[in-house]
Amino acid sequence: MMKKLLAFMLIFTMIFSLAACSKPAENTTDAGEGGTSAQEGPKYKDTIVFAPNTDVQSLDPHVQNDTTSEQVVKMLYNTLLKFDENGNVVGDLAESWEVSEDNKTWTFQLKQGVKFHDGTEMTAEHVKGTYERAMDPANGLVVNEIVKMFEKVEVVDKYTVSITTTEPYGAMTSLMCNVSLAVMDPAYIDKYGMDLGASAESINGTGPYKIKSWERDVELVLESFDDYYGEKAPTKYIVYRPIPEAAARVIALETGEVDAIQGVPADDVPRLEATEGLSVYKARSVGQRLFRFGCNDSIISNTKVRQALVYAVDRQVIIDSLFDGLAVPSTAPLAPVTWGYANLGEIKQDQEKAKQLLAEAGYPDGFKTKIVTTERYAKGVELAEILAAQFAEIGVEAEIQVMEWSAFVQTISGLTAEEFDEPIFIMGAGPSMMDADGGLRGLYTTTLTGKNDRNYGFYSNKEVDELIDAAMKETDPDKRKELYKRAQEILYLEDPAGIWLFDQLTNLAHSSKLQNVTVSPISTITFEKATILE
Amino acid sequence: MLGYTIRRILQIIPVLFVISLVVFLMLHMIPGDPVKNMLGINATEEAIEAMRAKLGLDQPLHKQYISFMKGVLKGDLGTSIHTRKPVVQEILDKYPYTLKLAVGGTIVATVFGIIFGIIAAVYHNKFMDNFIMVLSLLSVSTPSFFLSLILMLIFSLYLGWLPSVGVKSWAHYVLPVITLGAQSVGIMARTTRSAMLEVLNQDYIRTSRSRGVPERIIIYSHAFKNALIPIVTVIGLRFGGLLAGSALVETVFAIPGIGRLMVDGVLKRDYPVVQGTILVISATFVIMNLLTDLLYAVVDPRVKYD
């Protein structure tokens, strides 16, 4: 009997001793959930719990490269300019701005009395320090690509800063709204270097919220910043609790454990909309889903072949079967919320025309090709399958290759035309600066390096190159719009660069008690004005 | 026994060395680039090269491996490419969550598995035996992903008894622990049952019965004790397996454990994180095997290590 006991005790001691080594989970939210702020009228909770699908990757504005990180950075930092509710550019940290006669030097008058979270006053030196870090290619920062045309940044006086570009840049004001160019504290840049934005203590912004705590993959807590120069945030704490699995996220919302969730699966939307106490908010975004052409491919390089494939697709079938209520058919190579968009109309499926174009191109019996896709994009595989089935109806036999994201990224950029082998490949597009320059230049202009750095599909059309270049340098908005319209006509159908399928809607499922959440056209969800009723 | 233990511990070193080499080579052989992943598909070649140099990824492979191993010997597993945190710190932060799950899952599996196994053996070929065996088959073959969501639906959404996701209190661990344990219950029950049946057919059991020893004493004292070796083996193996294989459950229940850390690392090609986590998981697995072997000597006096 004693031996039996001893054996059991040993087994369990073995297990428990390992457990004892473990550290108890730290309770990061002493945020006082359920407490109320002292306000008259309706009572509000002081905490909003939001569940994105992933944790923040980086809170360094120059490094962040995903929606989750971007939306938290927006809460912590400010840019010189910003878009208002109607999509117009207005001042954020800048009081006013002007451009020189040669359209190359932009001077920004900064607001006075703007405080960083540590109490330091924001001045022109901070702007200069921030942008110079972004401009140095040796820093290897994501942001570097969008400030390539910056020549120098100069401090005019304590509250005035000027930026000189190598040539006139028509999208300058849109660019200055990009959160990647948020103003940081150079003292923190020097102190943390590459580790900036990787921990709570390395963040010092001017935004309406400051960071309170951050335990990776568990919880990130923001606290409203009392010395914020603008309108104070009404809710004291915003808690980001990442839930990677979509179904679990939906359940957490239904049980009331979280107040809002990002990335609702299309299948769940109707049910959530019908659930009492829950709402689903949908908004137009810059995001589009397309399949791009690899124009280095001997068959796909033929314009008529590409046009045939564009006509072969029934976009409505795709939306109805996969994204019901969360997408609308595309009407241009840009979404309507992007500045410079021109409505070119929806392309309807026309199989007869497609077959005729194939015959004219010299492929009356079709041909064999390949569609490359990845599951990283929602329903990426199903999209490729529907496309392949619709191509088959005009005689084009497409083999589907599914790639894991990391492998996909490696195969679609940094390659020469000889190395690149993806005749038709999936793509998500949407310029975060919400301007046609960000949505077209680089992506569809002829590559200068011989590699497909951003123009993944080696698309090359002289007229498109000239139009996009002219539009970039043009500062008259009406003239820019005309140039972009023509470029879009060519890209969309005349000499198509891809098959634009649909424009995505950003969705946010939330408790009906949650109000005033800001959903931007670049799909970021922010809470600087949000409140939640008790 | 002490000599044997020391010998076994020393044997762990070459095992871990080979594992580290294989993992290193495999990681660099699979397509994908951590820097492109980090900077995104729009990053310029210039930025990619600059970042690669900063992270030391532009060095020849053998140099990267040697510098990794030098760090390992000093207890430094490198710095995560994505989070910029030391990998050792990452592992120390995440390991407790996985340990709690694995320990909980093993307890559930052991307690229920042994009870069901003994009952099945005692009622051999009767209804109860068949019923338990069908149940255990069901438990082994139900994917943990499916079971997680079903449990969440029932206990969190419909009944409202337990929280669905997160790690804020002990209650958050109940559903993931049941999910993890459920799969092993079937295996434990089957192992216990077959070990028990083998012992129950031995002559000394028959002799005891003929001498009128009460059935309860025969089963618990004579049979179960002698059936323990295979059961201990399975417990050890399952515990090691749960430590390494809880990534799916961690993902569904949003638990920031080491399994998720490893899978995220693989997806982002965060080389130092993957190398570090696999090394730690392998070490735990090997140590668990050693402990299991040592436990044999306690469970069965006939086993002696020289």
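Proteins come first, then strands; the chains are lettered A, B, ... in the order of their sequence lines, and each starts at number 1.
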Between [options], which residue shows the highest count of heavy-atom pairs closer than 4.5 Å to chain B?
options	answer
A/Arg216, A/Lys451, A/Met403, A/Gln57	A/Arg216
A/Val63, A/Asn139, A/Thr54	A/Asn139
A/Pro244, A/Ala51, A/Ala248	A/Pro244

In terms of heavy-atom pairs under 4.5 Å with chain A, which of [options] leads?
options	value
B/Val35, B/Val165, B/Thr79, B/Leu261	B/Val165
B/Lys85, B/Lys94, B/His82, B/Glu90	B/Lys94
B/Thr251, B/Thr83, B/Leu149, B/Val252	B/Thr83
B/Pro34, B/Ala50, B/Ser164	B/Ser164

Pick one of side chain, backbone, both or neither for [X], based on which atoms fall under 4.5 Å of a heavy atom in chain B.
X	result
A/Arg249	neither
A/Glu404	side chain
A/Asp55	neither
A/Ala138	backbone
A/Thr255	both
A/Pro137	both
A/Leu141	backbone
A/Asp195	both
A/Ile146	neither

So which heavy atom on [X] is nearest to which on [Y], and how close?
X	Y	value
A/Arg133	A/Asp60	NH2-OD2, 2.7 Å
B/Met188	B/Ile231	CE-CG2, 3.7 Å
B/Tyr271	B/Ile81	N-CD1, 4.1 Å
A/Leu443	A/Gly438	CD1-O, 4.1 Å

Under 3.5 Å, is there a donor on one side chain and an acceptor on the other for [X] and [Y]?
X	Y	result
A/Gln401	A/Thr373	no
B/Tyr296	B/Thr233	yes
A/Tyr240	A/Thr68	no

Exercise for the section: Could you check B/Gln89 against B/Asp93 for side-chain hydrogen bond (donor to acceptor under 3.5 Å, both in side chains), going step by step and ending with a plain yes or no? Expected result: CA-CA 6 Å; B/Gln89 191 56 48; B/Asp93 286 349; 3.1 Å; yes
Exercise for the section: Would you please test A/Arg292 and A/Asn455 for side chain to side chain contact (heavy atoms under 4.5 Å, CB included) and show each step? Expected result: CA-CA 10 Å; A/Arg292 267 194 78 161; A/Asn455 183 353; 2.8 Å; yes
Problem - Under 4.5 Å from any heavy atom of chain A - which part of B/Phe253 - result: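 Interface part for B/Phe253: neither.
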Handout entry: Heavy-atom neighbours of A/Lys148 NZ exceed 12 at 6.0 Å
Key =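 Enclosed.
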Handout entry: Trace of the side chain to side chain contact (heavy atoms under 4.5 Å, CB included) decision for A/Glu219 with A/Val239
Key = CA-CA 7 Å; A/Glu219 198 171 76; A/Val239 178; 3.4 Å; yes
Handout entry: Working for side-chain hydrogen bond (donor to acceptor under 3.5 Å, both in side chains), residues A/Asp66 and A/Ser69
Key = CA-CA 6 Å; A/Asp66 62 289; A/Ser69 304; 2.6 Å; yes
Problem - Any residue of residues 153-161 of chain B which, by heavy atoms, sits under 4.5 Å from chain A - result: B/Leu153, B/Ser156, B/Leu157
Practice task
Kindly write out the residues that satisfy side chain to side chain contact (heavy atoms under 4.5 Å, CB included) with A/Ala429, not counting sequence neighbours, or none if the list is empty.
Solution key: A/Leu290
Handout entry: Pairing of A/Arg271 and A/Glu254 as salt bridge, 4.0 angstrom limit
Key = yes
